There are 2 protein chains.
Amino acid sequence: MSELPDSTRVETLKRPALAAARETIADGIGRDALVTVFGRCTVDYEGRASSRLEAGDRHVMLKPDGAALVHTDEGQQPVNWQPPGCEHDVYQEDDRLVLESVRSTPDERLRVSFGTVLQVSAFSGTDENDLALVGTEEDLREHILAEPDLLEPGFTPLATERETPAGAVDIYGKDSAERTVVVELKRRRVGPDAVSQLRRYVDALERDLHADATVRGILVAPSVTDRADRLLVEHGLEFVSLEPPAE
Amino acid sequence: MSELPDSTRVETLKRPALAAARETIADGIGRDALVTVFGRCTVDYEGRASSRLEAGDRHVMLKPDGAALVHTDEGQQPVNWQPPGCEHDVYQEDDRLVLESVRSTPDERLRVSFGTVLQVSAFSGTDENDLALVGTEEDLREHILAEPDLLEPGFTPLATERETPAGAVDIYGKDSAERTVVVELKRRRVGPDAVSQLRRYVDALERDLHADATVRGILVAPSVTDRADRLLVEHGLEFVSLEPPAE
DNA sequence: TAATTAATCTCGCGT
DNA sequence: ACGCGAGGTTAATTA
């Protein structure tokens with residue numbers, strides 16, 4: 001039977017006494033393990049907003065980078081959380097076990113108070129690999145830059161992320177008639193927001209390049225909603241249907 | 001010693017054989033438990049985009065509502081996931097244990113393949129309570145509706161979520177001179193996006209109420225960025241500094 | 001540190 | 001099911 005490397009360890013307690021739970025959690029935090037606690041708890045948050053969650057059974061994860069996640073049995077999103085960069089703390093208070101994750105800038109505090117702890121685990125592992133993701137807006141940009149005729153015949157890209165007083169334009173270029181073209185890319189079907197964004201850039205560039213300049217604005221996305229289409233027409237903007245490449 | 005209610009159970013296997021792991025996971029999914037698996041795995045995703053993650057130690061959570069989360073030891077966000085509504089599946093494939101979560105509309109598939117399973121848990125619990133959150137945009141709206149003078153003396157709210165061709169306006173009302181006022185609320189410091197949004201609504205209402213109508217647009221937020229401020233001035237829009245109430 | 005924008009955004013509400 | 005906008009959005013990049 002193969003031995004695990006020393007760096008890969010799992011420590012688990014079932015229905016532990018509070019003192020034992022506290023010690024295992026503190027030890028896990030101390031040696032940069034990923035710590036999970038399942039049990040009946042209340043959750044309080046105070047920071048950019050504030051919240052309270054009355055007692056229920058939840059799964060809490062404390063990560064070594066300072067992130068904290070409180071999950072119920074529903075939803076992709078945690079019901080409460082704390083971003084990376086927090087300081088985790090665990091202590092006993094009367095007959096309860098309390099987890100606290102605190103950060104500053106902004107001042108935020110998450111407090112999970114367990115009346116019953118059903119399981120505590122501390123996982124140590126290694127993970128060298130990063131996610132390889134395909135189908136992003138950047139992939140769509142590369143696609144168009146490699147083959148500008150996909151946008152329209154004769155299009156010449158001149159810059160990406162070109163700065164304007166209203167923000168950076170995704171692709172800046174010229175059409176076959178030497179007119180300035182501003183391209184805004186979206187990886188998926190878009191609504192009014194994307195049209196407004198493109199309009200901001202076109203407005204800003206027209207101001208920048210003097211009032212007599214003609215600036216074309218082209219929205220590139222798989223599709224647009226009806227309302228977005230109406231806004232495009234209203235503002236004299238154009239649409240080209242393209243998707244991020246599949247591979 | 002107090003007995004747990006039958007509905008609150010935890011089942012855990014340490015370094016299980018694949019067959020035992022598969023059975024416990026399948027049983028957990030079947031009885032609507034929250035299932036977690038920690039071990040060395042690869043992760044593949046295909047759907048709105050596609051991704052691959054090479055081998056590493058990760059924590060996988062399968063929720064009874066169909067959500068799936070793959071967490072590394074870093075970050076608040078899962079490295080891969082699947083939203084609620086998926087069908088979870090577990091099976092053995094050669095010497096590997098495979099978790100699959102699949103959904104349609106859109107067609108998406110998440111596949112986690114374990115070469116080593118260090119721990120499997122199945123948690124059953126109860127959670128009756130919802131989160132009580134304070135400090136949202138809606139709280140800010142209630143605050144202003146209860147005391148309209150906070151916006152400016154003589155302001156009279158006439159409607160919330162008033163529909164325009166460009167979307168619904170947060171607060172629609174009249175000032176002391178009977179001019180139409182459009183109010184856009186943000187719970188935190190805003191950038192150019194919020195200004196564009198307000199501008200969309202003002203444009204749409206001016207069209208709606210005939211060309212001769214004067215429509216004031218007021219952005220309400222704790223503060224604005226420099227660029228947003230410049231955009232506000234450019235478009236003749238106004239700003240009032242207000243925060244959501246603290247309690 | 002702040003600002004800006006993408007995201008497999010998610011989530012809730014409405015049509 | 002789709003559209004639309006909020007979110008304690010988070011995360012990445014850049015100034």
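Since the structure is predicted, the reported quantities are computational estimates derived from the model, not experimental observations. Here is the naming used below: chain letters follow the sequence lines, and residue numbers restart at 1 for every chain. As a basis for the values below, the full set of heavy atoms in this structure was taken, side chains included, without hydrogen atoms, waters or symmetry mates.
Judged purely by atom type and a 3.5 angstrom limit, Lys63(A) has no side-chain atom pairing as donor or acceptor with the backbone of Asp32(A). Side chain of His235(A) to main chain of Leu231(A): a donor-acceptor pair is present (N/O by atom type, distance under 3.5 Å, no hydrogens or angles). The closest donor-acceptor contact from the side chain of Arg187(A) to the backbone of Glu138(A) lies at 3.5 Å or more, if one exists at all. In this structure, the side chain of Asp127(A) engages the main chain of Asn129(A) through a donor-acceptor pair within 3.5 Å. Remark: the backbone N or O of Ala228(B) is paired with a side-chain donor or acceptor of Thr225(B) at under 3.5 angstrom.
Summarising the geometry, the separation between NE2 on His71(A) and P on dC11(C) is reported as 10 Å, rounded to the nearest angstrom. Computed from coordinates, the Asp193(A) CG to dT9(D) C1' distance equals 15 Å when rounded to whole Å. Rounded to whole angstrom, the span from the CZ atom of Arg162(A) across to the C1' atom of dA15(D) amounts to 17 Å. Computed from coordinates, the Asp65(B) CG to dG12(C) P distance equals 11 Å when rounded to whole Å. Nucleotide dG7(D) holds its C1' atom 13 Å from the CD atom of Gln197(B), rounded to whole Å. To the nearest angstrom, P of dG8(D) lies 16 Å from CD of Glu243(B). Distance Leu140(A) CG to dA6(C) C1': 13 Å, rounded to the nearest Å. As rounded to whole Å, 15 Å separates atom C1' of dT10(D) from atom CG of Leu133(A).
Straight-line distance between the C1' atoms of dG7(D) and dA7(C): roughly 13 Å, to the nearest whole Å. dT8(C) and dT4(C) are spaced 23 Å apart, taking the P atom of each and rounding to whole Å. Between the P atoms of dG8(D) and dC4(D), the separation comes to 23 Å (whole Å).
Heavy atoms of Asn80(A) sit under 4.0 angstrom from at least one base atom. Residue-level contact check: Gly135(A) touches neither bases nor backbone, having no heavy atom under 4.0 Å from any strand. Residue-level contact check: Pro78(A) touches neither bases nor backbone, having no heavy atom under 4.0 Å from any strand. Across all strands shown, Arg200(A) has heavy atoms under 4.0 Å from sugar-phosphate atoms exclusively, and none from any base. Within 4.0 Å of Gly47(A), counting heavy atoms only, lies no atom of the nucleic acid at all. Within 4.0 Å (heavy atoms only), Thr136(A) reaches sugar-phosphate atoms of the nucleic acid but no base atom. Gln82(B) comes within contact range of no nucleotide atom at all, as no heavy-atom separation falls under 4.0 Å. Using a 4.0 Å heavy-atom criterion, one finds that Ala166(B) contacts the sugar-phosphate atoms exclusively. Counting any heavy atom pair closer than 4.0 Å across all strands shown, Glu184(A) reaches sugar-phosphate atoms only and no base atom. Residue Arg109(A) is classed as having no contact, given no heavy-atom separation below 4.0 Å to the nucleic acid. Across all strands shown, Glu161(A) has no heavy atoms under 4.0 Å from either base or sugar-phosphate atoms.
Residue Arg48(B) has a polar side-chain atom (N or O) positioned under 4.0 Å from OP1 or OP2 of dT10(C). Contact check, Thr225(A) against dC4(D): a side-chain N or O comes under 4.0 Å of OP1 or OP2. The side chain of Arg188(B) contributes an N or O atom lying less than 4.0 Å from OP1 or OP2 of dT9(D).
In this structure, Lys186(A) and Arg189(B) both approach DNA chain C, and ranking their closest nucleotides by distance from the 5' end singles out Arg189(B). Between Pro83(A) and Tyr201(B), the residue anchored closer to the 5' end of DNA chain D is Tyr201(B), taking for each the nucleotide with the nearest heavy atom. Of the residues near DNA chain D, Pro192(A) and Leu131(B), the one whose nearest nucleotide (by heavy atom distance) lies more toward the 5' end is Pro192(A). Residue whose closest nucleotide on DNA chain C sits further toward the 5' end, between Glu138(A) and Gln76(A): Glu138(A).
Side-chain contact between Lys174(B) and Phe155(B) is absent, with no heavy atoms from C-beta onward closer than 4.5 Å.
Out of dC4(D), dA7(C), dT9(D), the shortest distance to the side chain of Glu137(A) is found at dA7(C). Which of dT10(D), dG8(D), dT8(C) sits closest to the side chain of Gln77(B) comes down to dT10(D). Taking the side chain of Trp81(B) as heavy atoms from C-beta on, and the options dT10(C), dT5(C), dG8(D), the nearest nucleotide is dT10(C). Here the nucleotide nearest the side chain of Arg227(B), chosen from dT4(C), dG8(D), dA6(D), is dT4(C).
Searching all strands for a Watson-Crick or G-U wobble partner of dT8(C) with both distances below 3.5 Å returns nothing.
The aromatic rings of His59(B) and Phe38(B) are tilted relative to each other, their planes meeting at an angle between 30° and 60°.
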### Task
Check step by step if salt bridge (Lys or Arg N to Asp or Glu O under 4.0 Å) holds for Arg58(B) and Asp73(B).
CA-CA 7 Å; Arg58(B) 286 134 205 162; Asp73(B) 66 349; over 6 Å; no
